[in-house]
S.K.: 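Sending over a structure as structure tokens; questions will come in a sec.
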Amino acid sequence: MRKILLVMKAEIVKQQQNDYHSYFVYFSLVIWPILGFLEIYYTYKPFQLSGFMGIETSSDLLSFLGTGFMAYTCFWSMVQNAWSMSNQERKNGTLEITFLTPANRMAMVYGKALGALLQEVWMFCCFCIFVLFYTKTLRWDNLFLLPLFLILLLTASTIWGGMLNVIFLFSRDASFVMDLFDAPMTLFAGTRIPVNCFPKWAKVISLFFPLTYCLNIIRFILGIQKQDKDLFYSLGGLMLCLAVMVLITRYFIVKVEKHNRETGELQFY
């Protein structure tokens, strides 16, 4: 276990030194999601709120969008980083380290994912927490739930990002995978629109994204759309989804290493 943690720490430090070497980088990372959040909020605000799906006031809308955007930013950063990190390593000629090192492969891919998550979303999570306090959705009496929510998002998005990191090891140009995962996740996972508004076929698609279950759990516990959520159903679905992703990640690691041994060279690119 100690060796696995050291490998993950090394990947996090590597990303810190490679991508997050300036205060201006951190400033830009907190500005764009806040602007995106405000854009979504003021898009909905002019319309009359009728209490549909538990959204009755502007505070309810802020709480709904705040939780959705916070969770989405965590998962989106995984998609973005999985592509950009693998692309940089191909260009820099360091991708083969993944296959030549004796380090645990699973620890490496999860370390890459966790490094991006910690660096890219912590400030926006603070902003969303402020929104939840402002709307009195998060209060001093339920503040102890906050670490549980953060652990939930960290775990789910790291496993999600690890799977994507392995997928991007197969191809030099896998940018289409970003569009394949990002747009459907934004639409169907309930980040901006309640899942119960969708037809049955769209609800089925939402079940494939762990983000859907994370948002269901967080909103249920905080009392956002509480009447429409089943906590045990969401917990079971999330556990199953994460287990399947871990198995897929493990399978792809073996597959991509075998593929590169057969078709690649010591210097792949």
S.K.: Assigning hydrophobic clusters by single linkage (Ile, Leu, Val, Met, Phe, Trp, Tyr; side-chain heavy-atom cutoff under 4.5 Å), is Leu153 placed with Leu145?
M.R.: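 Looking at the clustering, Leu145 is in the same group as Leu153.
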S.K.: Measure the spacing between CZ of Phe198 and CG of Leu187 and express it to the nearest 0.5 Å.
M.R.: 4.5 Å
S.K.: Is the gap between the ring centers of Phe188 and Phe209 under 6.0 Å?
M.R.: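 No, the ring centres sit 6.0 Å or more apart.
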S.K.: Taking atom CE of Met185 and atom OH of Tyr72, what is their separation to the nearest 0.5 Å?
M.R.: 5.5 Å
S.K.: When you measure from the side chain of Ser234 to the backbone N and O of Asn216, does any donor-acceptor pair fall under 3.5 Å?
M.R.: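 Side chain of Ser234 to backbone of Asn216, a donor-acceptor pair under 3.5 Å: no, none is there.
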S.K.: Measure the CD1-CG distance between Ile217 and Leu222 for me, rounded to the nearest 0.5 Å.
M.R.: 12.0 Å
S.K.: Nearest 0.5 angstrom please: Leu132 CG to Arg139 CZ, how far?
M.R.: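 Separation between the atoms: 11.0 Å.
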S.K.: With Arg192 as the cation and Phe69 as the aromatic partner, state whether NZ or CZ is under 6.0 Å from the six-membered ring centre and within 45° of the axis.
M.R.: no
S.K.: Do Tyr110 and Thr249 touch side chain to side chain, with heavy atoms closer than 4.5 Å?
M.R.: yes
S.K.: Using a 6.0 Å cut-off, check whether atom NZ of Lys255 has over 12 heavy atoms from anything other than its own residue.
M.R.: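 Counting neighbours around NZ of Lys255, 12 or fewer heavy atoms of other residues, nucleotides or ligands fall under 6.0 Å, so no.
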S.K.: Please determine, by modelled atom types, if Ser63 and Thr135 share a side-chain donor-acceptor pair under 3.5 angstrom.
M.R.: yes
S.K.: Between atom OG1 of Thr155 and atom CD1 of Ile159, what is the distance when rounded to the nearest 0.5 Å?
M.R.: 6.5 Å
S.K.: Residues in ring pair (Phe, Tyr, Trp, His ring centres under 6.0 Å) with Phe133, at least two apart?
M.R.: Trp140
S.K.: Nearest 0.5 Å, what's the NZ-CG distance between Lys136 and Leu62?
M.R.: 13.5 Å
